[in-house]
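What follows is one structure encoded as structure tokens, with my remarks underneath.
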Amino acid sequence: MKGIKIVVGEKNENILFKDSIDEQTAYQLVDQYMLAQFTSVIPNDFNVIFKEKLKEKGITGKTGIIYQHNGIPQYSDNDSISPNSAFRTHIKMLDMKNTISVQGWVDYSWKTIPPMVYVVFFSRQSFRICQSQTR
């Protein structure tokens, strides 16, 4: 799909994509864009989901979400200051016109990292051992 036409009331908007994208992705980007025109994400609700997903991976600590729509930031817990020690996700653009972005952060102890690194290292070593035994 190379472009899409959005009609809202009497207003028409044509969006041309730099490169062709598949139809499902195009409609998902349109949906995100249109939803943001009528209602924005509530950063506190987004943060609850973010915190749950991190907890499933064994990461606990204070978390936060920075949501921006048309360059206007909104913060979870109305807290615009994230700790300097916090780990941040990449800024993710959510719509086709790059007007909506979200970034998460988590401030957690370094004690959480060694067990995770060990699991990854152990898994890789096990994989290598399995590979060498099958040769």
Side-chain angles (χ1 to χ4, degrees):
M1 181 176 270
K2 197 69 173 153
I4 199 159
K5 182 178 184 178
I6 302 169
V7 179
V8 179
E10 294 181 14
K11 183 182 174 190
N12 292 335
E13 192 169 350
N14 290 311
I15 308 287
L16 295 176
F17 299 110
K18 186 176 179 179
D19 296 316
S20 290
I21 63 172
D22 65 279
E23 191 173 338
Q24 182 180 357
T25 302
Y27 284 119
Q28 181 181 0
L29 293 171
V30 168
D31 290 345
Q32 290 288 348
Y33 175 72
M34 293 306 296
L35 283 170
Q37 303 311 306
F38 299 106
T39 184
S40 64
V41 169
I42 299 169
N44 288 341
D45 293 347
F46 203 132
N47 192 31
V48 168
I49 296 166
F50 183 56
K51 190 174 206 111
E52 285 174 6
K53 294 295 181 185
L54 289 172
K55 189 175 181 180
E56 288 173 10
K57 297 187 182 304
I59 299 171
T60 57
K62 184 174 165 97
T63 60
I65 294 292
I66 304 165
Y67 171 82
Q68 287 195 39
H69 183 231
N70 291 326
I72 301 168
Q74 296 177 32
Y75 305 93
S76 56
D77 300 325
N78 290 322
D79 185 5
S80 63
I81 300 172
S82 57
N84 287 336
S85 58
F87 294 92
R88 292 166 182 78
T89 65
H90 294 285
I91 297 171
K92 175 74 175 158
M93 302 309 287
L94 300 179
D95 69 326
M96 70 173 122
K97 293 182 83 176
N98 292 331
T99 61
I100 309 164
S101 68
V102 68
Q103 182 179 33
W105 59 265
V106 60
D107 189 21
Y108 66 98
S109 168
W110 280 96
K111 294 175 188 174
T112 307
I113 295 174
M116 293 173 72
V117 171
Y118 177 74
V119 168
V120 170
F121 177 74
F122 182 75
S123 298
R124 287 183 181 163
Q125 290 299 326
S126 299
F127 179 71
R128 286 185 191 137
I129 291 168
C130 291
Q131 272 187 324
S132 64
Q133 289 176 350
T134 58
R135 289 185 187 168

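For reference, positions follow the sequence shown, starting with 1. Note that the structure is predicted; figures quoted are calculated from it, not measured.
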Review point. Side chain to side chain contact (heavy atoms under 4.5 Å, CB included) between V102 and I66: does it pass, once the steps are laid out?
Key: CA-CA 6 Å; V102 68; I66 304 165; over 6 Å; no

Check your understanding: For K53, what residues pass the salt bridge (charged side-chain N to carboxylate O under 4.0 Å, His left out) criterion, not counting sequence neighbours?
Key ->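 Residues passing salt bridge (charged side-chain N to carboxylate O under 4.0 Å, His left out) with K53: none at all.
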
[X] side, atom [atom1]; [Y] side, atom [atom2] - distance, nearest 0.5 Å:
| X | Y | atom1 | atom2 | answer |
| --- | --- | --- | --- | --- |
| I65 | I42 | CD1 | CD1 | 13.5 Å |
| I72 | H69 | CD1 | NE2 | 8.5 Å |
| Y67 | Q74 | OH | CD | 6.5 Å |
| F50 | K55 | CZ | NZ | 15.0 Å |
| L94 | D31 | CG | CG | 12.5 Å |

Check your understanding: Hey, is the main chain of T99 close enough, under 3.5 Å, to the side chain of N70 for a donor-acceptor pair?
Key ->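 No, the answer is negative, given that no donor and acceptor are paired below the 3.5 Å cut-off.
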
Exercise for review: Please report the shortest heavy-atom distance between Q68 and P73, naming the atom on each side.
Suggested key: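 Here Q68 and P73 meet closest at CG-CA, 3.6 Å.
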
Check your understanding: Which pair of non-hydrogen atoms, one from S76 and one from G64, has the smallest distance, and what is that distance?
Key ->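 Smallest interatomic distance, heavy atoms only, reads OG-CA, 3.3 Å.
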
Review point. With a cut-off of 6.0 Å (strictly less than), are more than 12 heavy atoms of other residues, nucleotides or ligands near CD of Q32?
Key: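 Atom CD in Q32 is crowded, with more than 12 foreign heavy atoms closer than 6.0 Å.
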
Practice item. With sequence neighbours excluded, tell me which residues meet side chain to side chain contact (heavy atoms under 4.5 Å, CB included) with K62. Key: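 Side chain to side chain contact (heavy atoms under 4.5 Å, CB included) check on K62 returns D79, W105.
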
Review point. Listed by chain and number, what are the side chain to side chain contact (heavy atoms under 4.5 Å, CB included) partners of T25, not counting sequence neighbours?
Key: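 Once residues adjacent in sequence are excluded, the partners of T25 under the side chain to side chain contact (heavy atoms under 4.5 Å, CB included) criterion are I21, D22, L29.
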
Review point. With a 3.5 Å cut-off and no angle check, do the side chains of T63 and N47 form a donor-acceptor pair?
Key: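 Judged by distance alone, the side chains do pair up.
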
Check your understanding: Given the rule in the side chain to side chain contact (heavy atoms under 4.5 Å, CB included) test, do Q103 and R88 qualify, once you have shown the distances and angles that lead to the verdict?
Key -> CA-CA 7 Å; Q103 182 179 33; R88 292 166 182 78; 3.7 Å; yes

Review point. Quick one: do V30 and M93 end up in the same hydrophobic cluster if we chain Ile, Leu, Val, Met, Phe, Trp and Tyr together by side-chain heavy atoms under 4.5 Å apart?
Key: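 The answer is no; the residues belong to distinct hydrophobic clusters.
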
Point to revise | Side-chain heavy-atom pair F87, I59 within 4.5 angstrom cut-off | key: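 No, too far: nothing below the 4.5 Å cut-off.
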
